[in-house]
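Some notes on the structure that comes next.
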Amino acid sequence: MVRLITHNLLACHVKGCTSNNFPLKFQDVQIELQEADFNPDMITNLLPRLEWGALVDAARLVGDTSLPPEQPEMMDDDLLRKLHHVLLEIHVVEGVMICPNCSHSYPISNGIPNMLLAEHEIG
Amino acid sequence: MKSVTTTVIADNPQAYEDQHVHAVYEEIAEHFSSTRYKPWPVIVKFLSNLPVGWIGLDSGTGNGKYLPLPVERPGSVLTVGLDRSRNLLQIAKHAGSELGTPVIREVVWGDVMDNGWRAGAFDYAISIATIHHLASYERRRLAIQRLLQCVSPAHGRVLIYVWAIEQDELSKRSIPVDEKDGAVPFGKDVFVPWTLSQQNASQGKPRRRQPTSDQQSDPSEVGVSQTTTEASTPVYNRYYHMFAKGELTKLTCEAAEGMGLVVGSPEGTERRGVEIVQDSWERSNYYIELRCWKT
């Protein structure tokens, strides 16, 4: 099932929608929690690639408020574990992701986000 | 053995791909997946050399064969698989799972031509045996641009693999070559047949695996008994653009230059570019590895 790490990478690509098209907003989500092995080096090194604000907002929308709103200067083990949980252990099984700019709706079904567009929507 | 035939793209390229690529893969997904299990060495090496914590895109992941790699350091990098075939994605979603311990992979249903990623978000991108299904020069070039757009401009690594006109002796297919051709700078558009036997279609699984030396397994061979009659075996023609020598490198350079990237090592006052780390031919494929740089 798709996790928040992937959500942190997805942007709207409807024709003409080029600003404020990230992050997509979760709506009507059904989630499942599934444990994943914790690799502190992995999480530490992932950090620079993340959009922290987007991640915190998405986590909140799926019911997790464990992360601080601002990215901390130092990541201790406790925070790394929380980050690991948010990124890799929350699986979105069903729901939609809505573009904040053009309101296009991308469905998630059976854990797979559908990013396909109709022909007239493609830039 | 059914042979590869030359084809000419009659419709618009998107419609052509819908009929001769996407529809076919949806039909043959499970059988196709069972013949695609052996990772290719150059790709294995590329993934093994990635630093811990890197995130990448497998653009055209198919059955997700590369998502579990590197096997010696599982979980050290995260590869997200994108594919156009929902049926193949259902398989890719659990790629690398051992019996009883299902693993979840990140997969997205989408089109490699689209720009659905936050710019520069990925550390690496691989495109294996995918862009040769795109039915025009412009589309193939755009697909390479999408790879360059989605990786970090400062350190992004890209690896692209496509089928070559020049097949090695272990390949079971031969590409029709016009005697007058000589240098073939533009590659060849062909149909490569896939035979889906009725037994496979009903059971959903083939009887026997392909031999292990299938770096590029011949899709027109099927491991089932000969009692299946010709009349009951549907044959699907998959569209491929087979690349000529030098064509992938040229296409890559044109894609990069079209985005304002310099091709070569960083020097002087150039601000952003891409370096060709290696480009070669291996077992009936051309491949190219790139590294982005920013000064």
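By convention in this document, chain letters (A, B, ...) are assigned in the order of the sequence lines, proteins followed by strands, and residues within each chain are numbered from 1.
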> Has the side chain of B:E106 got a donor or acceptor atom that lies under 3.5 Å from a matching backbone atom of A:I5?
Replying inline: no
> Excluding sequence neighbours, so at least two apart, what forms side chain to side chain donor-acceptor pair (under 3.5 Å) with A:H85?
Replying inline: A:E89
> Looking at A:N21, A:L10, A:N8, which hits side-chain contact (heavy atoms from CB on, under 4.5 Å) with B:R118?
Replying inline: A:N8
> Say you draw a straight line from CG of B:D111 to CG of A:L117; how long is it, rounded to the nearest 0.5 Å?
Replying inline: 9.0 Å
> If you count the non-hydrogen atoms of other residues, nucleotides and ligands that lie under 6.0 Å from CD in B:E72, is the total more than 12?
Replying inline: yes
>> Going by side chain to side chain donor-acceptor pair (under 3.5 Å), name the residues that satisfy it together with B:R105, two or more places apart in sequence or in a different chain.
In response: none
> If you tally heavy-atom pairs under 4.5 Å against chain A, which of B:V107, B:L78, B:D114, B:V80 wins?
Replying inline: B:D114
>> Tell me every residue that passes ring pair (Phe, Tyr, Trp, His ring centres under 6.0 Å) with B:Y239, counting only those two or more places apart in sequence or in another chain.
In response: B:Y16
> If we ignore angles and hydrogens, is there a donor and acceptor under 3.5 Å between the side chains of B:R86 and A:N114?
Replying inline: no
> Which of residues 36-62 of chain A get closer than 4.5 angstrom to chain B, counting heavy atoms alone?
Replying inline: A:N39, A:D41, A:M42, A:N45, A:L46, A:R49, A:L50, A:E51
> Which answer fits A:S109, side chain, backbone, both or neither, if we ask what part of it has an atom under 4.5 Å from a heavy atom of chain B?
Replying inline: both
>> Please identify, among B:I104, B:L82, B:V77, B:I55, the residue contributing the most non-hydrogen atom pairs under 4.5 Å to chain A.
In response: B:I104
>> Just so I understand: if I count every heavy-atom pair under 4.5 Å between each of B:G120, B:G116, B:A119, B:A121 and chain A, which residue has the most?
In response: B:G116
>> Checking the side chain of B:K93 only, and the main-chain atoms of A:N110 only, is there a donor and an acceptor separated by less than 3.5 Å?
In response: yes
> Quick one: SG on A:C12 to CG on B:N115, what's the gap to the nearest 0.5 Å?
Replying inline: 10.5 Å
> In terms of heavy-atom proximity below 4.5 Å to chain A, should B:V103 be classed as side chain, backbone, both, or neither?
Replying inline: neither
